[in-house]
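Inspection log for the structure reproduced underneath, given as structure tokens.
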Amino acid sequence: MSATIINGKEIAFQIREKLKNEIQTRAITPKLAVILAGHDPASEIYVKNKQKAAAEVGIETVLYRFEDDVNPKELEDLIDALNKDFSVNGILLQLPLPEGIDSSKILNRISPQKDVDGFHPFNMGLLMAGMNGGTVAATPKGILRLLKHAGIELAGKNALVIGRSNIVGKPMAMLLLNEDCTVSVAHSKTKDLKSLCQNADIIVSATGCLKLVQKDFIKDGAVLIDVGICRDENGKLCGDIDFEACLDKASFMTPVPGGVGPMTIAMLLENVLEAYLKQNA
Ligand code: NAD
């Protein structure tokens, strides 16, 4: 058996085309404010990619740049102004913020209605309560879309989420629980990751630890979703899961790159359009 590769790049392309058509048909221009503080090289690339993808579907972006030594009060004042600005539909605060700034305090300042990343406790709370209407974080939302697109049955399945961050692990666990999976969450202090993996029908790994999930960790026919972004010994981009080794044992796998990553951007754009539509209903 060789696993079916879930082509996130292709699915994300289809979603972006659909968003583009909807924005064109409605003749609207949703607007996203992007805040970038400091000069983290990865953040610079992520922001550029998000702005490019937004422009391609017809979403306007405005970038607010700050230096590493930005005073948190400046960020708060900007967010207050953007919250009040009716022309702005979404606010994205690129993480990480420069050292010493309490990112949750700044994130929580964003109006939940403009929180297109879904990181505000109000939106996280709606997800936890299993209630519709909130914004769901882009990466876990994209993963659920991939699982559904691949036709994977979720109800009653043992799902293991590795990683417990607020942006991936925790919301992913909630989404899977809301889909009637039996969910376990593993993290850096978990004692026996292998046996948890061996019991899992679906594994979503989001740690950034190279080849954390090995072939002998997984059961036959497991569904493997790889969120991690790592570099192997040759500098090649790869994920948390030993992709080549697991190919003939898993039933479905996402590649890195070309799996979860493109879905994250597509879901962010979808969240911006949804915010626009709710604000203009
Ligand atoms: P994070 O650093 O906030 O969290 C990492 C999590 O992994 C923690 O909860 C930690 O407990 C857990 N962990 C670390 N070592 C572990 C181990 N040995 N066993 C089990 N758990 C372990 O990171 P994050 O923001 O959640 O991102 C995780 C990974 O996913 C990173 O590689 C990141 O670059 C990537 N990521 C990718 C996308 C995408 O769109 N493809 C989006 C977000 C994050």
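Positions are given from 1, in the same order as the sequence printed here.
- Taking all atoms of both residues into account, the shortest heavy-atom contact from P98 to D68 is CB-O, 3.3 Å.
- Between Q14 atom CD and N7 atom CG the span is 9.0 Å, to the nearest 0.5 Å.
- Side-chain atoms of T254 never come within 3.5 Å of backbone atoms of I225 as a donor-acceptor pair (strictly under, hydrogens ignored).
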- Before giving the answer on side chain to side chain contact (heavy atoms under 4.5 Å, CB included), spell out for L269 and I15 the whole-Å C-alpha distance, their side-chain angles and the decisive distance to 0.1 Å. CA-CA 9 Å; L269 302 178; I15 292 169; over 6 Å; no
- Item | side chain to side chain contact (heavy atoms under 4.5 Å, CB included) evaluation trace for H149 with I6 | CA-CA 9 Å; H149 190 277; I6 304 176; 5.9 Å; no
- Item | side-chain hydrogen bond (donor to acceptor under 3.5 Å, both in side chains) between Q51 and T61, intermediate numbers included | CA-CA 6 Å; Q51 285 193 282; T61 59; 3.0 Å; yes
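- The closest donor-acceptor contact from the side chain of H187 to the backbone of G163 lies at 3.5 Å or more, if one exists at all.
- Remark: the backbone N or O of K236 is not paired with any side-chain donor or acceptor of N234 at under 3.5 angstrom.
- A heavy-atom distance below 4.5 Å is found between the side chains of K50 and L92.
- A salt bridge is absent between K18 and E270: the closest approach of a Lys/Arg side-chain nitrogen to an acidic carboxylate oxygen does not fall below 4.0 angstrom.
- No path of Ile, Leu, Val, Met, Phe, Trp and Tyr side chains, each step under 4.5 Å between heavy atoms, connects V213 with V260, placing them in separate hydrophobic clusters.
- Residues K114 and N89 have side chains not in contact (no heavy-atom distance under 4.5 Å, counting atoms from C-beta outward).
- At a threshold of 4.5 Å between side-chain heavy atoms, the hydrophobic network of Ile, Leu, Val, Met, Phe, Trp and Tyr places L146 and I218 in two separate groups.
- With hydrophobic clusters built from ILVMFWY side chains whose heavy atoms lie under 4.5 angstrom apart, V272 shares a cluster with L19.
- For CG of N132, the number of neighbouring non-hydrogen atoms (other residues, nucleotides, ligands) closer than 6.0 Å is 12 at most.
- Across all their heavy atoms, I167 and A137 have their closest contact at O-CB, 3.8 Å.
- In this structure, the side chain of K249 engages the main chain of K215 through a donor-acceptor pair within 3.5 Å.
- Of the options L175, L126, N178, a side-chain contact (heavy atoms from CB on, under 4.5 Å) to V136 is made by L175 and by none of the others.
- Under the 4.5 Å side-chain contact rule for hydrophobic residues, I152 and V161 share a cluster.
- The CE atom of M131 sits 11.5 Å away from atom CG of N123, with the distance rounded to the nearest 0.5 Å.
- I91 and I35 get closest at one heavy-atom pair: CG2-CD1, 4.0 Å.
- Rounding to the nearest 0.5 angstrom, the gap separating the CZ atom in F66 from the CG atom in N71 is 10.5 Å.
- Side-chain contact between L154 and I202: present, with at least one pair of heavy atoms (C-beta onward) separated by less than 4.5 Å.
- For D232, the salt bridge (Lys or Arg N to Asp or Glu O under 4.0 Å) criterion is met by no residue, not counting sequence neighbours.
- Taking the side chain as every heavy atom from C-beta outward, D216 and K194 approach each other to under 4.5 Å.
- Atom CG of residue L97 and atom NZ of residue K105 lie 12.5 Å apart, to the nearest 0.5 angstrom.
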- Walk me through it: do L193 and F217 pass the test side chain to side chain contact (heavy atoms under 4.5 Å, CB included)? CA-CA 8 Å; L193 182 65; F217 279 36; 4.2 Å; yes
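- Closest heavy-atom contact between Q279 and Q113: NE2-O, 3.1 Å.
- Salt-bridge formation is detected for the pair K141/E274: a Lys NZ or Arg NE/NH1/NH2 atom is positioned less than 4.0 Å from an Asp or Glu carboxylate oxygen.
- Between atom CG of residue L176 and atom CE of residue M172 there is a gap of 4.0 Å, rounded to the nearest 0.5 Å.
- With E179 as the partner, the salt bridge (charged side-chain N to carboxylate O under 4.0 Å, His left out) test is satisfied by one option alone out of K148, K157, R145: K148.
- Nearest heavy-atom pair across C230 and D240 is SG-OD1, 3.7 Å.
- Side chain of N280 to backbone of Y276: a donor-acceptor contact under 3.5 angstrom is found.
- Taking every heavy atom of both residues into account, C246 and I241 meet most closely at SG-CG2, 4.1 Å.
- Looking only at side-chain heavy atoms (C-beta outward), E44 and L36 come within less than 4.5 Å of each other.
- A donor-acceptor pair under 3.5 Å is absent between the side-chain atoms of D242 and the main chain of Q214, judged by distance alone.
- Side chains of E22 and L277 form a contact here, defined as non-hydrogen atoms less than 4.5 Å apart.
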- Item | F119/L95 under side chain to side chain contact (heavy atoms under 4.5 Å, CB included): CA gap, chis, key distance, verdict | CA-CA 11 Å; F119 298 160; L95 299 176; 4.2 Å; yes
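- A 4.5 Å side-chain heavy-atom check between T139 and M267 finds every atom pair outside the cut-off.
- Side-chain contact between M174 and M124: absent, with no pair of heavy atoms (C-beta onward) separated by less than 4.5 Å.
- The same ILVMFWY cluster, assembled from side-chain heavy atoms under 4.5 Å apart, contains both I101 and V34.
- For the pair R109 and D80, the salt-bridge criterion is met [side-chain N within less than 4.0 Å of a carboxylate O].
- The line from CD1 of I203 to CG of L196 is 9.5 Å long, rounded to the nearest 0.5 Å.
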- Query: When you look at D201 and K219, which way does the salt bridge (charged side-chain N to carboxylate O under 4.0 Å, His left out) test go after all the steps?
  - Reply: CA-CA 7 Å; D201 303 305; K219 66 152 86 164; 2.7 Å; yes
